[in-house]
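Notes to accompany the following structure.
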Amino acid sequence: MHKTLHIIGGGMAGSEAAWQAAQMGVPVVLHEMRPQVGTFAHRTGNLAEMVCSNSFRSDDDERNAVGLLHWEMSAANGLIMEMARRHRLPAGGALAVDRDLFAAAVTAQLLSHPLISVEYGEITDLPQDGHWIIATGPLTSGALAESIRAETGADSLAFFDAIAPIVYAESVDMSVAWMQSRYDKGETLEEQTAYMNCPMTRDQYEAFIDALLAAEKTEFHEGETAGYFDGCLPIEVMAERGRETLRFGPMKPVGLTNAHKPDEKAYAVVQLRRDNKLGTLYNMVGFQTKMKYGAQTAVFKMIPGLKNASFARLGGIHRNTFLNSPTLLDDQMRLKSRPNIRFAGQVTGVEGYVESAAMGLLAGRMAAAELLGQTLPPPPPETAMGALITHITGGAEAKTFQPMNVNFGLFPPIDAKGGRRGRKDRYKAYTDRAKAAFTAWLS
Ligand SMILES: Cc1cc2nc3c(=O)[nH]c(=O)nc-3n(C[C@H](O)[C@H](O)[C@H](O)COP(=O)(O)OP(=O)(O)OC[C@H]3O[C@@H](n4cnc5c(N)ncnc54)[C@H](O)[C@@H]3O)c2cc1C
């Protein structure tokens, strides 16, 4: 008789983890608090409920990193992808689904699996012994979050994300921007040139503030803001407090000399800081925002140097419980201080239905392998799943860690030239390489 795997949270990640482990022959108990205890976003007692959009985003597995993740999950017999395809709705290149039929189908599959039992009720404490996966998502219940916090330390479990937009380094115009840390701080040349700097004249700054104030914003959900707003104000709120606020805050021009025009003093400077070890992604420092996505792209492209910027992810501020995974988790997604506990899904610092389900798939397989006396290495970083798990368990900068969507900036770079056309071909090269690596890993 095999040992049992317990999973807390029957959302995207927990449902996929339960399915994968049970398919490998390991008995699973899935603990889900709904419908007894609800959240502000969930409406039903179904497993794998989609809380907002009904889309799993792009289904293009040749030129899109999310589509590639779909492909990998299907190749690994993922339940979430199979049920999504069964209940898909016409949506162009996106994989959109009938959310109720989809969630009901996932629930039915799990409830009828001979090795899975579902226990309804909230788990309020971090388990002491046994084998566990915690997949309680962005809205982890308060009692369990407190218990996790007691184990990890207060600074290692966040209750909000405040995501600054992230730009592909290669899309920044370096004939306008330059590399320099404020006051050239740092011991090594690498540290002294750690930031990309985008300079603004007075006119450019004034036009930027006007656009920021006029841009369309999203609202917080009811009950979402409690305990927030302590040190991560959205830039548009800072601009509302006074036109000069940003120039004396995240856009201050001091300690910087424009490498292209050393005699010209910038009126304001936007700084971008390296976001991953590969150096392919840079985040816009202090630029967390509630602007709508379309507005963000339009406003940020006004920044000199970012006219042709490609965004790996746009900014946002949400209620979101997540761990500082780069410091807390090993490459098996185990809590380093309590290796009998794995984490999976959005609580590990990935973002989105697909990414969360993918991390559930890995955690389920890794936990089952361990219970069967084996070790399953993570997929190679050239794959979408491998790129994500590498990022959250060590590739990301731990100090500034914020939740991440899958994107090609997380993959080891492939060299290809030729402007826009070249980029499209390069994406195909990324996905070809990933599919070969994933197939080899699976076998
Ligand atoms: C308001 C909001 C809107 C969002 N919109 C989108 C969107 O449009 N598109 C997108 O891709 N992503 C969206 N997300 C992110 C999305 O929720 C996640 O990416 C995805 O659902 C995370 O999967 P998960 O399995 O980690 O968590 P969830 O799917 O949230 O599942 C976690 C489960 O754990 C249960 N649970 C929590 N605490 C306990 C406990 N103590 N005991 C037992 N069970 C517990 C919850 O009831 C839930 O069923 C949104 C998130 C929020 C909060």
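Residues: numbered from 1 along the sequence shown. Counting starts at 1 for both ligands and their atoms, in listed order.
- Taking distance alone, with nitrogen or oxygen atoms compared against 3.5 Å, G352 approaches ligand 1 more closely than that limit.
- The proximity of A13 to ligand 1, defined as any non-hydrogen pair under 4.0 Å, involves the side chain as well as the backbone.
- Considering both main-chain and side-chain atoms, F40 never comes within under 3.5 Å of ligand 1 through any nitrogen or oxygen pair.
- Taking every heavy atom of both residues into account, I8 and L144 meet most closely at CG2-CD2, 4.3 Å.
- When heavy-atom distances to ligand 1 are checked against a 4.0 Å cut-off, V51 comes that close only through its side chain, counted from C-beta outward.
- Looking at ligand 1, you won't find any N or O of L144 less than 3.5 Å from one of its N or O atoms.
- With a heavy-atom cut-off of 4.0 Å, H42 touches ligand 1 through its side chain alone.
- In terms of N/O distances under 3.5 Å, ligand 1 is not approached by R57.
- When heavy-atom distances to ligand 1 are checked against a 4.0 Å cut-off, N320 has no atom that comes that close, whether in backbone or side chain.
- Checked against a 6.0 Å centroid threshold, the rings of H131 and H6 do not count as neighbours.
- When P138, G14, C52 are ranked by how near their heavy atoms come to atom 3 (C) of ligand 1, first place goes to C52.
- Centroid-to-centroid, the aromatic rings of F56 and F102 come within less than 6.0 Å.
- Here's the thing with R34: one of its N/O atoms is less than 3.5 angstrom from an N/O atom of ligand 1.
- Side-chain rings of F408 and Y168 stay apart, their centers remaining 6.0 Å or farther from each other.
- Checking only distances, R319 never comes within under 3.5 Å of ligand 1, N or O to N or O.
- A salt bridge between K435 and E382 is absent, with no side-chain N of the basic residue lying under 4.0 Å from a carboxylate O of the acidic one.
- When non-hydrogen atoms are compared, ligand 1 lies under 4.0 Å from neither the backbone nor the side chain of A48.
- The option with the heavy atom closest to atom 48 (C) of ligand 1, from among Q36, E32, Q346, E16, is E32.
- There is no side-chain donor-acceptor pair under 3.5 Å between T152 and S156.
- At a 3.5 angstrom cut-off on N or O pairs, T140 does not count as close to ligand 1.
- Looking at I123 next to ligand 1, an N or O pair under 3.5 Å apart turns up.
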